[in-house]
Each structure stands twice: as C-alpha cells, then as structure tokens.
Number of protein chains: 2
Amino acid sequence: MISDLKIQQLRYVIMVVEEGSFHSAARRLHRTQPALSMAVRELEQRLGQNLFERGSKNRLTPFGEYCVPRFRDLVGQHDRMANDVINHADGTQGHVHIATVPSVASRIMPALLAEFIARFPDINISLHDENAHYVCQMVAQGEVDLGITSIWQTNEDLEYAHLFEDKIGVVCRRDHILASCETLGWQSLQGEKLIRNGTSRLLMSTAAAQLVENSAFYISNMISLIAMLEAGAGITTLPRLAFPETNANLCFVPLHDPEVVRRIGLVKTINRTLAPAAQAMQAFLLEKLRHGAE
Amino acid sequence: MISDLKIQQLRYVIMVVEEGSFHSAARRLHRTQPALSMAVRELEQRLGQNLFERGSKNRLTPFGEYCVPRFRDLVGQHDRMANDVINHADGTQGHVHIATVPSVASRIMPALLAEFIARFPDINISLHDENAHYVCQMVAQGEVDLGITSIWQTNEDLEYAHLFEDKIGVVCRRDHILASCETLGWQSLQGEKLIRNGTSRLLMSTAAAQLVENSAFYISNMISLIAMLEAGAGITTLPRLAFPETNANLCFVPLHDPEVVRRIGLVKTINRTLAPAAQAMQAFLLEKLRHGAE
DNA sequence: GCCACCTAATAATTAATACTTATCGTTTAA
DNA sequence: TTAAACGATAAGTATTAATTATTAGGTGGC
C-alpha cells in the first residue's frame, strides 16, 4: 500500500487542469509556480506515471485524464466533510438534548429557545421535561447534554451552575381568606387543608416543616393538583414558576416566614466534554438566565 | 474555509480510537507516542475542539464521536481511490483500445490476447479491425491507443515500430497450373486473370506493377474474393497472413521475383503518452512479435 | 530567421513541519 | 507504596514545502 496522498497535492493538480497553466493556478492558490511544479512532479513520481504531458503544452496524459475526476471526487468529499466537522466544532451545527423540570420547560424555555434557534438556526434541540431528580439522572447517564433543575442534592459526577431563585408561595382559590394577604407566614396556614406536591419537600428543612408533615394529601400531577385547588379542596405551596399565572380562579401569595426559595441551576456532567452545540447552548443559558430573578 | 486536513492525521486519530491508546496506535503506525500526541493536538487546535477527553482516560469527546466516523469515511475513500489509481498507474488495471488490419486480428491476436489477459487479468481490451489506412487514422485521432498495421506511409504524428514481415504470394485454386510451383516469378503470371484486392498496392512499386495495372477486377471484401478464387474466376496476390490457410480449395505460392513483403508494425501517437495499461500492451506486443517471422 | 515573450523546469536557500529522544507528571494496579 | 503504563512536554533533528533567482524551451511577431 502506498503512503497517503496529500489533499493539497490533489488540489494543485485540479487547479492546474482548471486554469490550464501552472502559472495561473499558482496565482489562484497563492503559491509560486515552482511550488506547483515541484508538488506535481513529486506526486507523479510517487504514482510512477506522469499526469501532465511533459515537453509540449501542459495537457493531461491519459493517465491524468483517468485520475483527475477521482482527485476531484476525493477533494470534494474532503471539503464537505471538513465543512461539516468545522460547523460542528464551532457550534453552528449540531444537536442539543436538554432536560428541565416542567415549570421551566413550560414557562421559561419557549421564549428562550425561540431566541436560541434564531441565533443558531442549524442546531437541533430536544427538550425533555422530568422531575428534578430524573433531570439529574438523565444528565448523569448521558441521555441529555444539559439539565435545568432545582438543586437539591450534590452528585460528584455533575457540575451545577446556579441560574436563579424561585420563591415558594401559597396557592389557593381567589375567594379564599388567604388570597387577600400580600404575604404570609407559616403560622397563618395552620388549620388549612394543605395538599402536598412534588415541590413540598422544599419546606421540609424550614420552620414550616411541621405543616407539610401533617398534610394528608399528596398529588404529584399538576393538572390534578390545580383541579383540586379550583374545587376548593385545600391549598398548596408551589414555587412561583410552577404556579399557572394565567389561571383565573387561583392566586399565588408569597410565603414570607419562612422565606423559601427553589434554586434553579444548570447541570452537566463533570467528566464529559460538551459537544460544541451544547457548549453554545450552555453559554446562551448562562447569559440569559444567570442572576435573573426569573 | 479551513486549510486541508491531512489524511495522515485522520488516520492517526482513527488508529488511536481503534487501539484505545496512543502508545499501541503509535506502535502499529511505526511512530513514537509523542508524534501521535502532537499530531492529534495539532488537529484539535485547528478544529478548535478536542477530539479526546484530556486529563483522565483517553475517551472520545462527543465531538470526537461525531468526527471519527466521518474521518473513517474519508480515509476509506482515499484508500480506495489511491489503490485504484495505483493499479492504473502500474498497468495492472485499465482499458486498452487496439486497431489492427483484419489478417493480424484474426490470425495473430487471438492467441496473443489470450496470453495477455492471462498475465493482466484486470485489463480490458477492445480490438477493432480496419484496413491499414484507417488503423493509422484511428491511432492518430486517438480513437485507439495502439495500431498494428502495414507501414505504407509515414505520418509525423505517429511513431512506428517494426514487428515482422509478411511475404506476398499468389493465391489460386489447387487445380490451377501455378499451384504446383514451389515459388513464382512475376513473369509466370502474365496472361493470368489477376483480381486486385486491398493489398495489391504493395506490388505497385515493384517489377510486378504492370500486372496489377492491367488487372480489371478489384474486390475489397475478403469473403467475396475467396469465393471468386474458389470459383476459378482468377488468381490474386495476398500476404501470407491474409491467406486463409485452412481453405481446402485454394493454395498459396510465394512470389519470388519480385520478393515483396508487407511490413507490419506497431503504431502509436508520438505526442500523447500511452495510458499505463496501453504501455503494458505495447511492451507485450513488442516482446512477442518483434523480429518474429510471423 | 531572429528576437522578445510566455511558460515550465531547475537550483539554491529558507521556512515550516513532522518526527525522535529524553524526561516529567499522573494514574492504575500489584 | 512502588512499579508500570500512559500521555504531555521540551529540545533537537530530519524531512518536506515553500521561496527567490535563474535557466531552458517553445511560440508568435516582425
């Protein structure tokens, strides 16, 4: 097996053929004429056959006629591949998989991703919504590149970057007595029928822990939870982002004492390098969400 | 547009992936480990992204995972192309177009080409038979690579190499009075009904020219000519090779005075380089036919 | 026919690149 | 904890590719 042919040499030959002379080919390649002469001759010697007729005009030999289309093919394939790889390298092309908690997925991501795809039109995005724990798991297992989730437990394989905080409040019907309050302390909730949900654990290590512990109801499904609240079956606590703001029947009252926040952060694996498109997404998310109140 | 990626660098990357370590990849590539390290790093810098995870084990980055199959593709395409081109360069593969006069085509080429294709099984051959003049024309116009023909007129675009001589003789019915002669002089033919054919011009510049000039019949088609002779309609002159030796009714008597020979030679263009496969054929024909009496 | 002119080949030199040897710092496994 | 394996780095060398300057070979104009 012969040693590698150099793409550049093939390109030289093609250009000489296209231009019809070594001189003008050299000009277009920003080389001098002897550079082409020598490179072509070196290639010819390696192949053991001349590509160009020597002596008179620089026509191709029959062997050259055979080779040049093949050279063109390979150079074309190289260029397409190189272009493709470069686009992926600089993050203008690729596929990013993101997992987020549902509240972020529905309230924050739509506008954000619209802006992202406007800026990076050739990046494909897959967005999964899962609960906070499963978001971390998907990141850790490499099922997604990035996660946006509430940070609740450190994992040494994952790297967390804080984005913003999300205040916990009480959600109840608009006609509920608590609805008129500007802000609430946990004592005000005693005696209320509290329905727990997936975010209730955020209160566990606070002064309001007892409230949660005494609650008999647990509903994980947000749609069911909202329906229960609308029916006046009780109240619950939610991070503001998880509260459906457009709902006409329910209202959100911030919890003042204790002031509880859900810390939302960007999660990625610590070992694996992100694909360039994911790096672009990461930078975009940090730029747009870091330190923002929402 | 980025500068050319080097096939060799891509090969290095692929080998590191296959072997799982820089060390063993280097061993298989007959290089030292730092050579690979540096080459890979150079490529990574040009792409602007790492292909391998640095720090811990040498796994591929997601970007590397994306690239390596494409690198493999290009290297594979390169190798196939290089192989193909090399085979054509050394004449083990290709297509040769030959034109010969009919007598050579039917009497000499069959066995010769059988031997050739046994020696060069991957070379395709096209064989045309045409008259001597048109053989030269086909060569001159590049329709064929090589011609085997009688040399009768110099052409500055063509290069002739003598192969062998072909004696002219008289062809007549076995029951003809001349048939019993061992050899003949032109005087013996006077009074005979001579049928001219395409090869009769070979006698024009000899002592027998008058015979030909006085002949009233001309038949160019060999089948018709033979039929005429078999019918006893006259006699003709032919080079020995053009005489159908298996014919039971006709016989060939060498012409002694004048002794006329048809010079058969190999013809090719003087300007154009032969394709490697044609070079192989040329060498083969010269080896087999040069100086041979037949 | 001779002379300019255009082109490619060659020679000498320099720049760039690829590789080697030697060494160091980590990590892995005994 | 040490030895072994691995990769990164540094310094030096070899190889390759490019430059400039020059030569040589045709071609066309006069």
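Order of the sequence lines fixes the chain letters, A, B, ..., with proteins taken first and strands second; residue numbering starts at 1 for each chain.
The CZ atom of A/R31 sits 20 Å away from the P atom of C/dT7 (whole-angstrom rounding). Between A/Y12 atom OH and C/dA8 atom C1' the separation is 17 Å, expressed in whole Å. Whole-Å rounding puts the A/E42 CD to D/dT16 P distance at 8 Å. Counting to the nearest Å, the C1' atom of C/dC6 and the CZ atom of A/R27 are 11 Å from each other. Atom NZ in B/K6 sits roughly 8 Å away from atom C1' in C/dT17 (whole-Å rounding). As rounded to whole Å, 14 Å separates atom P of D/dA18 from atom NE2 of A/H30. One can place CG of A/L43 at 11 Å from P of D/dA17, the figure rounded to the nearest angstrom. Distance CE (A/M38) to P (D/dT19): 9 Å, rounded to an integer number of Å.
Between A/R41 and C/dT10 there is a side-chain polar atom (N or O) within less than 4.0 angstrom of OP1 or OP2. Within the structure, every side-chain polar atom (N or O) of A/H23 is placed at least 4.0 Å from both OP1 and OP2 of C/dC6. Residue A/Q8 has a polar side-chain atom (N or O) positioned under 4.0 Å from OP1 or OP2 of D/dA18. Between B/T32 and C/dT20 there is a side-chain polar atom (N or O) within less than 4.0 angstrom of OP1 or OP2. Taking side-chain N and O atoms only, A/S21 has no distance below 4.0 Å to OP1 or OP2 of C/dT7. At D/dA8, one or more side-chain N or O atoms of B/R54 fall inside 4.0 Å of OP1 or OP2 (strictly under the cut-off).
The only member of A/K288, A/Q282, A/M281 that meets side-chain contact (heavy atoms from CB on, under 4.5 Å) when paired with A/L285 is A/M281.
Listed candidates were C/dA8, C/dT20, D/dA8. Nearest to the side chain of B/F22 is D/dA8. For B/P34, the listed nucleotide lying nearest its side chain is D/dA8; candidates were D/dA8, C/dA8, D/dT20.
Counting non-hydrogen atoms under 4.0 angstrom, A/F52 reaches nothing in the nucleic acid.
Note: A/F284 and A/F116 have perpendicular aromatic rings, judged against thresholds of 30 and 60 degrees for the angle between ring planes.
Of all heavy-atom pairs spanning B/L60 and B/F52, the tightest one is CD2-CE2, 3.7 Å.
Atom CZ in B/R70 sits 6.0 Å away from atom NE2 in A/H88 (nearest 0.5 Å).
Side chain B/Q33 to base D/dA8: a donor-acceptor pair is found below 3.5 Å.
At a threshold of 4.5 Å between non-hydrogen side-chain atoms, the residues A/Y66 and A/T61 do not count as touching.
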